[in-house]
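The structure under discussion appears below in the form of structure tokens.
Every chain is numbered from 1 and lettered A, B, ... according to where its sequence line falls, protein lines coming before strand lines.
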2 protein chains.
Amino acid sequence: MRTLTRKGAATRQRILEGAAALIREHGVADTTLDDVLAGTATSKSQLFHYFPGGREELLLAVARLEADRVLEDQRPQLGDLTSWPAWQAWRDKVVDRYRRQGRLCPLNSVTSHLGSRTPGAQAVVTELMRSWQAEIAAGVRHMRDAGEIGPDVDPDRAAAALLAGIQGGVLIQMSTGETTHLEAALDMGLAHLRAGRARPGRVADGL
Amino acid sequence: MRTLTRKGAATRQRILEGAAALIREHGVADTTLDDVLAGTATSKSQLFHYFPGGREELLLAVARLEADRVLEDQRPQLGDLTSWPAWQAWRDKVVDRYRRQGRLCPLNSVTSHLGSRTPGAQAVVTELMRSWQAEIAAGVRHMRDAGEIGPDVDPDRAAAALLAGIQGGVLIQMSTGETTHLEAALDMGLAHLRAGRARPGRVADGL
DNA sequence: GATAAAATGGACCAGCAAGTCCAAAACTTC
DNA sequence: GAAGTTTTGGACTTGCTGGTCCATTTTATC
């Protein structure tokens, strides 16, 4: 596969998106290569032609796709955390996104299935977390510069805590089906940021 | 398997714990029944004798074992959140527990592998979350009654947020290998609770 | 339109791992 | 110590799924 014709690229994309859709619906464990083939009207030789690494390579590609989608789904709010209403809008969007997604988290599903033998999967998640946190931290920094948050707040650490709350909320949602925890975590995180505005020194005293 | 002799019970336990140990070390996907057999010096007929449901039943039993262990590992601190130093001690214990555990989270591994077709797995996690949150909430309630936390704080919601932070911190640790997020989430959660002490009305204003 | 490269179809293979089965040994109980 | 039950060993079956292979068709390029 030296080059890729337009047709070839289209086929590859069809396989990738079809696989992602199936995994979103049934989970990784219940999605075989034959399922993907049937669902995308392709043959086995095509799949292995475009993903020489076989299942593993395909799953990794799906993971990347889903990782990208996570941040995309938070735009444009995530990149514009410049006022309290904006933060609230972002919070609502996150909750809504995961409420729609339901119990299955494709990314977690894929990575936990690829497991530790595929370092690429961990890398995808790590990178997602890194940039996600960076964007939140940028928002915190902005608010801090605007005097809405105390100067003693560490933006990265605050963003890390917020991000952890989101992840945990989603994780819990995967078994309970409820977004209660996600909302509680986000609301507490935001309340804490807001509270830091008037009383410098308060935020860090638990560290 | 009408009754279980002492010997039988011991064998069953040996299989269960051996399976749990293997899964802790290598993850679910890389642990076959034959691995368990080899690792516990048992034969296939024994495994299916004590776990008629086969792999699925065994995995579920392992999930229960691990779920129990999670709370046990936090004792006695978890049940005694009655002063700020006690909260801090609990926080340290949690961080330490997961730092020791490393990247693999057996419970998440098992449940995400059993997937949605086994409702029992979700139930185990849900139940764990429920009681975990209840114990944290009890601590919050205690502190509130002692006047250390404002009366307007909802203990269950605060506990939910804290729990989400923990879960997310651990989840992130699974890919990064660092406990940074876990610590940030816990510290922020505790700082927020502490901050609620002096200024009633503050905590809930983000809701 | 000839040639080379890419795309496609689908039969085939191989291996693994879950699960079955039956006979033999050990234990319990009387 | 005999009868019945539980426990154990391990060979065997079976189904599935990832992966290979090669012949054929389509597409690009000149």
Side-chain angles (χ1 to χ4, degrees), chain A residues 1-20 22-23 25-63 109-110 113-115 117-118 120-121, chain B residues 1-20 22-23 25-63 109-110 113-115 117-118 120-121:
Chain A
M1 194 182 66
R2 189 76 43 71
T3 65
L4 221 62
T5 65
R6 190 170 309 175
K7 193 180 175 188
T11 301
R12 194 195 129 100
Q13 194 65 13
R14 195 173 75 239
I15 294 174
L16 181 56
E17 288 174 2
L22 283 174
I23 288 171
E25 197 169 353
H26 306 119
V28 185
D30 293 339
T31 305
T32 75
L33 292 189
D34 290 311
D35 289 339
V36 174
L37 264 33
T40 58
T42 44
S43 70
K44 214 153 211 180
S45 68
Q46 286 173 289
L47 197 154
F48 280 88
H49 184 60
Y50 297 109
F51 300 92
R55 180 183 169 83
E56 188 167 320
E57 186 177 342
L58 177 60
L59 288 183
L60 196 55
V62 169
S109 177
V110 170
H113 200 267
L114 279 177
R117 61 195 154 181
T118 309
Chain B
M1 194 183 66
R2 188 77 40 73
T3 65
L4 223 61
T5 66
R6 190 171 308 176
K7 193 179 175 190
T11 302
R12 194 194 128 98
Q13 194 65 14
R14 195 174 74 238
I15 294 173
L16 182 56
E17 287 174 2
L22 283 173
I23 288 172
E25 196 169 353
H26 305 118
V28 185
D30 293 338
T31 305
T32 75
L33 292 190
D34 289 312
D35 289 340
V36 175
L37 264 34
T40 58
T42 44
S43 70
K44 214 152 211 182
S45 69
Q46 286 174 289
L47 197 154
F48 279 88
H49 184 61
Y50 297 110
F51 300 91
R55 180 183 169 83
E56 188 167 320
E57 185 176 341
L58 177 61
L59 255 39
L60 196 55
V62 169
S109 177
V110 169
H113 201 267
L114 279 177
R117 60 194 156 179
T118 308

Distances for protein N/O vs nucleotides 26-30 of chain C N/O pairs under 3.5 angstrom?
| from | atom 1 | to | atom 2 | distance (Å) |
| --- | --- | --- | --- | --- |
| C/dA26 | O3' | B/Lys7 | NZ | 3.4 |

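- OP1 or OP2 of C/dT8 has at least one side-chain nitrogen or oxygen of A/Tyr50 nearer than 4.0 Å.
- Distances shorter than 4.0 Å separate some side-chain N or O of A/Gln46 from OP1 or OP2 on C/dT8.
- Contact check for B/Thr118 versus B/Leu59: no side-chain heavy atoms found under the 4.5 Å cut-off.
- The distance from atom CG of B/Leu58 to atom C1' of C/dG19 is 14 Å, rounded to the nearest whole Å.
- Contact annotation: A/Thr11 reaches the phosphate of C/dT8 (side-chain N/O to OP1 or OP2, under 4.0 Å).
- In this structure, CG of B/Leu59 is placed 14 Å from C1' of C/dA17, rounded to the nearest angstrom.
- One distance of note links NE2 of B/His49 with OG1 of B/Thr42; it measures 12.5 Å at 0.5 Å rounding.
- Following rounding to the nearest Å, B/Leu47 (CG) and C/dA18 (P) show an atom-to-atom distance of 9 Å.
- Taking B/Glu57 as the reference, B/Phe51, B/Pro52 meet the side-chain contact (heavy atoms from CB on, under 4.5 Å) condition, with sequence neighbours excluded.
- OP1 or OP2 of C/dA6 has at least one side-chain nitrogen or oxygen of A/Thr3 nearer than 4.0 Å.
- Note that OG1 of B/Thr31 and CD of B/Glu25 are 9.0 Å apart. Values are rounded to the nearest 0.5 Å.
- Here the CG-CZ distance, from A/Asp30 to B/Arg117, works out to 4.5 Å after rounding to the nearest 0.5 Å.
- Note that the two end axes of the helix from C/dG1-D/dC30 to C/dC30-D/dG1 enclose an angle of 30°, each drawn from 5 base pairs, rounded to 10 degrees.
- In the set C/dA7, D/dT8, C/dG9, C/dA7 carries the atom at the smallest distance from any side-chain atom of A/Leu4.
- Atom CG of B/Leu47 is separated from atom CG of B/Leu16 by 10.0 Å, given to the nearest 0.5 angstrom.
- For residues 35-55 of chain B, every residue pair satisfying the salt bridge (Lys or Arg N to Asp or Glu O under 4.0 Å) rule, not counting sequence neighbours, is listed here: B/Asp34-B/Lys44.
- With rounding to whole Å, B/His49 atom NE2 is found 16 Å from C/dG19 atom C1'.
- Put simply, the side chain of B/Val62 does not reach to within 4.5 Å of the side chain of B/Val28, judged on heavy atoms.
- Applying the side-chain contact (heavy atoms from CB on, under 4.5 Å) criterion to B/Thr5, with sequence neighbours excluded, gives B/Lys7.
- To the nearest 0.5 Å, atoms CD1 (B/Ile15) and OH (B/Tyr50) are separated by 7.5 Å.
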Protein N or O to nucleotides 12-18 of chain D N or O, pairs below 3.5 Å:
| from | atom 1 | to | atom 2 | distance (Å) |
| --- | --- | --- | --- | --- |
| D/dG18 | OP1 | A/Arg55 | NH1 | 3.0 |
| D/dG18 | OP2 | A/Leu33 | N | 2.9 |
| D/dG18 | N7 | A/Lys44 | NZ | 3.1 |

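- Closest heavy-atom contact between A/Leu60 and A/Ala121: CD1-N, 3.5 Å.
- Taking atom CZ of A/Arg14 as the reference point, atom P of C/dA7 lies 12 Å away to the nearest angstrom.
- With rounding to whole Å, B/Leu37 atom CG is found 16 Å from C/dC16 atom P.
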